[in-house]
Amino acid sequence: MTHMRPLDPAFPIDRQVAIDATAVVLVNVFTLDKADEQTFLDVWQDDAVFMKQHPGFISTQLHRAIGDSPTYLNYAVWESTAAFRAAFTHPQFRAKISAYPSSAVASPHLFEKVAVPGICVA
């Protein structure tokens, strides 16, 4: 079972999904034991296939930390929190969480783009 550790304990993912916003990015940092990496990758791929089938899903990318760190970062782009919420709270997805290795700790958080003149567009 994957354990959840919020990036911001004062505002965990369950509170974030209740806010209506458009064009959101899920950032999820996973830490796990090195011995569990292949199991993690297999389960993550299965989850990504599940999410990809849901309306409002745009894209996802998984990154592995460099060196010997078995830390992964996933980001997924969604059209809205409503679309993400429908997939994230879906009973089939919630059941899939138990397939992650017991050493896996997930730290999911939703973000919106910020406009910075001359640097970033919103």
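Worth knowing before you read on, the calculation uses all heavy atoms, side chains too, and leaves out hydrogens, waters and symmetry mates. Sequential numbering from 1 along the given sequence is applied to the chain's residues.
- Val121 belongs to no hydrophobic cluster with other residues, because no ILVMFWY side-chain heavy atom falls under 4.5 Å from its own, directly or through intermediates.
- Side-chain atoms of Arg85 never come within 3.5 Å of backbone atoms of Ser80 as a donor-acceptor pair (strictly under, hydrogens ignored).
- Under the 4.5 Å side-chain heavy-atom criterion for Ile, Leu, Val, Met, Phe, Trp and Tyr, Ile97 and Leu110 are members of the same hydrophobic cluster.
- Trp44 and Leu73 fall into different hydrophobic clusters, where Ile, Leu, Val, Met, Phe, Trp and Tyr are joined by side-chain heavy atoms under 4.5 Å apart, directly or via other members.
- Side-chain atoms of Val43 and Lys96, non-hydrogen and from C-beta on, never get closer than 4.5 Å to each other.
- Of all heavy-atom pairs between Pro9 and Pro12, the closest is O-CD, 3.6 Å.
- The distance from the CD atom of Gln53 to the CD atom of Gln92 is 8.0 Å, given to the nearest 0.5 Å.
- The heavy-atom pair separating Thr60 from Ala48 by the smallest distance is CG2-CB, 4.4 Å.
- With Phe93 as the partner, the ring pair (Phe, Tyr, Trp, His ring centres under 6.0 Å) test is satisfied by one option alone out of Phe57, Phe84, Phe88: Phe88.
- A heavy-atom distance below 4.5 Å is found between the side chains of Asn28 and Phe30.
- One N or O on the side chain of Ser107 and one on the backbone of Arg5 form a donor-acceptor pair closer than 3.5 Å.
- Annotation: Arg64, atom CZ; neighbour count of heavy atoms from other residues, nucleotides and ligands within 6.0 Å is above 12.
- Nearest approach of Ala21 to Glu112, heavy atoms of both residues: CB-OE2, 3.3 Å.
- Note: His63 and Tyr75 meet the aromatic proximity criterion, with ring centroids under 6.0 Å apart.
- Side-chain heavy atoms closer than 4.5 Å link hydrophobic residues (I, L, V, M, F, W, Y) into clusters, and following such links, even through other members, never connects Trp78 to Val27.
- Going from atom CG of Asp36 over to atom NZ of Lys34 covers 11.5 Å, rounded to the nearest 0.5 Å.
- Residues Val17 and Phe111 fall into different hydrophobic clusters, defined by Ile, Leu, Val, Met, Phe, Trp and Tyr side chains chained together at heavy-atom separations under 4.5 Å.
- At least one donor-acceptor pair closer than 3.5 Å links the side chain of Thr81 to the backbone N or O of Ile19.
- Put simply, CG on Leu26 and NE2 on His109 are 10.0 Å apart, with the number rounded to the nearest 0.5 Å.
- Distance check: Tyr72 OH to Leu41 CG gives 4.5 Å after rounding to the nearest 0.5 Å.
- Leu62 and Tyr100 fall within a single hydrophobic cluster, where Ile, Leu, Val, Met, Phe, Trp and Tyr side chains are chained together by heavy-atom contacts under 4.5 Å.
- Rounding to the nearest 0.5 Å gives a distance of 5.0 Å between CD1 of Ile58 and CD of Glu79.
- Going from atom CG of Asp33 over to atom OG1 of Thr39 covers 11.0 Å, rounded to the nearest 0.5 Å.
- A donor-acceptor pair is defined here as one N or O able to donate and one able to accept, closer than 3.5 Å; such a pair exists between the side chain of Gln16 and the backbone of Phe11.
- Ala87 approaches Met51 most closely through the heavy-atom pair CB-SD, 3.4 Å.
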